[in-house]
Engineer: 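Questions regarding the structure given below will be posed in turn.
Throughout, protein chains are lettered first and strands after them, A, B, ... in sequence-line order, and every chain is numbered starting at 1.
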There are 2 protein chains.
Amino acid sequence: MKAKITLKDIARELEVSISTVSKALKNSEEISRDTKEKVQAFAKLYNYKPNNIAISLKNKRTKNIGVVIPDIVHHFFTTVIRGIEKYANARGYNVIVCLSEESFDKEVINMEMLANGSIDGFIMSLSSETQEKADYNHLKEVTEQGIPVVLFDRITHEVECDKVIIDDELGAYQATKKFIDQGKKKIALITTDDYLSVSEARTRGYRKALEESPMGIDESLILKLPSMELDEAAIKAFLNKMDPDAVLCVNEIFAVYSMRLVQEKGLRIPEDISFIGFTDGVLSKYANPSLTVVAQHGEKMGEVSAKMLIDKIESEAEEETYQTKILEPTLVIRDSIAH
Amino acid sequence: MKAKITLKDIARELEVSISTVSKALKNSEEISRDTKEKVQAFAKLYNYKPNNIAISLKNKRTKNIGVVIPDIVHHFFTTVIRGIEKYANARGYNVIVCLSEESFDKEVINMEMLANGSIDGFIMSLSSETQEKADYNHLKEVTEQGIPVVLFDRITHEVECDKVIIDDELGAYQATKKFIDQGKKKIALITTDDYLSVSEARTRGYRKALEESPMGIDESLILKLPSMELDEAAIKAFLNKMDPDAVLCVNEIFAVYSMRLVQEKGLRIPEDISFIGFTDGVLSKYANPSLTVVAQHGEKMGEVSAKMLIDKIESEAEEETYQTKILEPTLVIRDSIAH
DNA sequence: AAATATTACGAAAACGGTTTCGTGTTGATA
DNA sequence: TATCAACACGAAACCGTTTTCGTAATATTT
């Protein structure tokens with residue numbers, strides 16, 4: 001086992017000072033040709049690499065960014081992480097991933113852990129519990145310390161920071177409009193409680209489209225589940241009772257499960273009933289029939305978030321100006337609707 | 001913006017030395033009641049938290065572990081990360097995730113970045129390119145430096161370190177056996193090239209089960225794709241030509257896609273043809289029909305890997321003893337086979 | 001009262017780098 | 001030959017902690 005070599009080791013071996021070694025390795029003008037060559041050769045031979053921690057301490061820059069998300073076993077978050085990772089890596093940053101598991105406490109603990117010097121900035125999406133409690137003090141504390149934060153997808157307007165969202169309202173509006181244009185008459189929505197910012201926006205888009213149509217809104221066609229957890233019984237009862245001819249779901253799983261239910265009843269998709277979901281995940285693509293979805297472009301979102309964060313980290317300026325980037329969703333047409 | 005407070009700041013304000021502050025905060029016996037109370041009160045008031053980087057430099061312990069995996073948009077890896085994250089977090093460690101994207105070079109670069117002090121140990125699964133080239137020098141260098149490494153799932157025996165795998169051979173064996181017991185006569189295998197250690201093991205299990213049966217092996221019933229990428233045309237041609245009555249696939253996607261193909265031809269699942277896949281992901285559960293799979297227990301694997309790594313990190317002993325943990329897969333029976 | 005023990009604190013080194021500033025040596029200039 | 005600039009390098013501070021060791025000032029013992 002050969003331990004890592006340090007500047008001090010090189011200095012001792014070559015009988016020069018640590019400063020000389022440091023400068024020689026940076027090709028400083030101050031150091032003579034001879035010495036530089038000697039030092040660099042020695043360093044290469046023993047595979048010298050500067051210690052990141054020491055550099056971090058000196059520069060007060062870690063080149064790490066903290067990503068705090070509710071869940072990782074979820075296609076959307078997964079694609080966002082990939083976007084963040086790719087972009088951050090290209091700019092020399094590493095990504096520390098922490099999971100809040102939808103818990104407020106875990107979110108707080110994770111942020112506190114990372115905020116003590118481990119990272120240069122945060123990218124995060126709020127846990128449902130945080131959104132429910134509407135307690136954002138942990139975020140405010142971090143921003144007050146001057147640590148940049150970018151919120152994505154599940155955001156709040158109570159914290160001043162950069163934000164990246166997709167236009168969920170527009171996505172739902174377009175999807176609902178699609179149903180209306182196809183002559184659907186009983187357009188249902190399966191969503192969750194409004195404290196989840198995304199569900200709230202999607203519900204708004206659904207309402208807007210129907211309000212603009214001659215049909216108007218039938219509240220009984222809206223099913224609000226308490227969380228993103230699949231509640232099979234509730235969906236089954238709802239579909240049986242309401243018998244819609246089109247269903248918009250706030251995620252893939254609600255949609256795919258609903259499709260199975262109506263298929264078992266002998267309905268044909270999309271002739272008798274059509275479906276549109278949110279999130280362009282692996283499920284939608286391989287479902288039978290394949291599911292039309294509002295794609296959220298998670299990878300793009302991750303990239304944009306990472307770019308905003310790193311730009312802020314590396315900007316000298318003390319500008320206190322924050323932006324909110326709104327990404328446009330796209331409807332990915334598949335076999336669960338007529339086309 | 002109130003910046004973080006340091007020991008030095010507290011010392012200056014309270015007109016004591018830095019050492020005294022440090023000791024007072026640790027409740028050292030050396031410091032008087034009075035002073036301790038004063039210091040602790042002040043620290044609490046200004047929300048003092050020690051700087052992680054400084055502590056890391058001092059202790060030569062970062063409390064970070066590096067996870068290098070080929071891909072994150074992949075249910076199995078995602079569950080492993082979750083297992084790692086949960087366990088590591090409970091023991092006070094953070095997880096730095098790096099993606100190799102199946103590229104040898106990226107794997108090397110990521111490891112080098114992290115190996116310079118950023119982490120206390122690695123958990124990784126090899127990229128396909130690495131397995132193809134069979135070049136493991138980057139791993140050997142790291143272990144030679146005394147940095148502990150745990151390999152999981154996609155491993156190599158050429159590197160001395162701890163390993164965690166599931167018994168892929170056993171999983172495939174059991175699945176194939178199941179088909180045989182159900183009286184299937186043309187049992188096909190859709191797999192990938194043998195350089196992927198998991199595919200190789202699964203193919204071995206398939207062969208073993210058939211060799212033990214009166215049927216024996218029919219090489220033309222084995223389709224070897226070049227990678228895990230879904231090659232629709234190849235699978236279609238294969239299924240049309242061979243017309244099997246049971247198919248074992250090395251992943252979910254091959255299986256789900258194959259099921260669609262045969263359904264379109266009018267075959268009934270599982271009566272005419274049965275399917276078993278690998279990886280208990282979201283696809284299997286919601287596919288139509290739902291897919292029987294060999295579950296790999298990714299989360300468990302992550303947990304076990306993290307435990308092995310952290311135990312090694314924290315063990316004083318310089319033992320050079322490595323273990324390989326073999327997890328047992330389980331067959332999750334769903335509607336793609338008779339039951 | 002002298003010797004010793006205890007208390008309560010500070011100085012300084014260490015972790016591994018970067019960077020500013022000072023200085024001895026050399027060669028060129030006046 | 002005295003003066004000065006250029007060259008090449010080293011000393012030391014600094015980043016924020018922890019920890020060892022030394023030491024005044026008290027308290028206790030003989």
Engineer: Hey, does A:Q40 have a side-chain heavy atom less than 4.5 Å from the side chain of A:N27?
Structural biologist: yes
Engineer: Rounding to an integer number of Å, can you tell me how far B:Y46 OH sits from D:dG16 C1'?
Structural biologist: 20 Å
Engineer: On DNA chain C, check which nucleotide each of B:K36 and B:N59 is closest to and give me the residue with the more 5' one.
Structural biologist: B:K36
Engineer: Return yes if some donor-acceptor pair links the side-chain N/O of B:E303 with the main-chain N/O of B:G83 below 3.5 Å, else return no.
Structural biologist: no
Engineer: Once you round it to whole Å, what is the distance between C1' of C:dT6 and CD of B:E30?
Structural biologist: 12 Å
Engineer: Give, for atom OG1 of B:T6 and atom CD1 of B:I10, the distance between the pair rounded to the nearest 0.5 Å.
Structural biologist: 7.5 Å
Engineer: Mind calculating the distance between CD1 (B:I31) and P (C:dA8) to the nearest angstrom?
Structural biologist: 9 Å
Engineer: Which residue, B:S32 or A:L57, contacts DNA chain C at a nucleotide closer to its 5' end, judged by nearest heavy atom?
Structural biologist: B:S32
Engineer: Let me spell it out: for each of B:K23 and B:I55, pick the nucleotide of DNA chain D with the closest heavy atom. Which residue's pick is nearer the 5' end?
Structural biologist: B:I55
Engineer: In whole Å, what is the span from the CG atom of A:N52 to the P atom of C:dG16?
Structural biologist: 13 Å
Engineer: Start with the C-alpha gap between A:F42 and A:I5, add the side-chain angles, then the distance that decides, and say whether side chain to side chain contact (heavy atoms under 4.5 Å, CB included) holds.
Structural biologist: CA-CA 11 Å; A:F42 191 92; A:I5 194 175; 3.9 Å; yes
Engineer: Applying a 4.0 Å non-hydrogen cut-off, can you work out what B:T35 is touching in the nucleic acid: base, sugar-phosphate, or nothing?
Structural biologist: sugar-phosphate
Engineer: Atom CD of B:E37 and atom P of C:dA8: how far apart are they, to the nearest Å?
Structural biologist: 13 Å
Engineer: Take atom CG of A:N116 and atom P of D:dG16, then tell me their distance rounded to the nearest Å.
Structural biologist: 13 Å
Engineer: Heavy-atom nearest nucleotide on DNA chain D for B:T20 versus A:I18: which residue maps closer to 5'?
Structural biologist: A:I18
Engineer: So, under a plain 3.5 Å distance rule, would you say the side chain of A:K58 forms a donor-acceptor pair with the base of C:dT18?
Structural biologist: yes
Engineer: I'd like to know if B:S19 reaches the base of C:dA11 with its side chain such that a donor and an acceptor end up less than 3.5 angstrom apart.
Structural biologist: yes
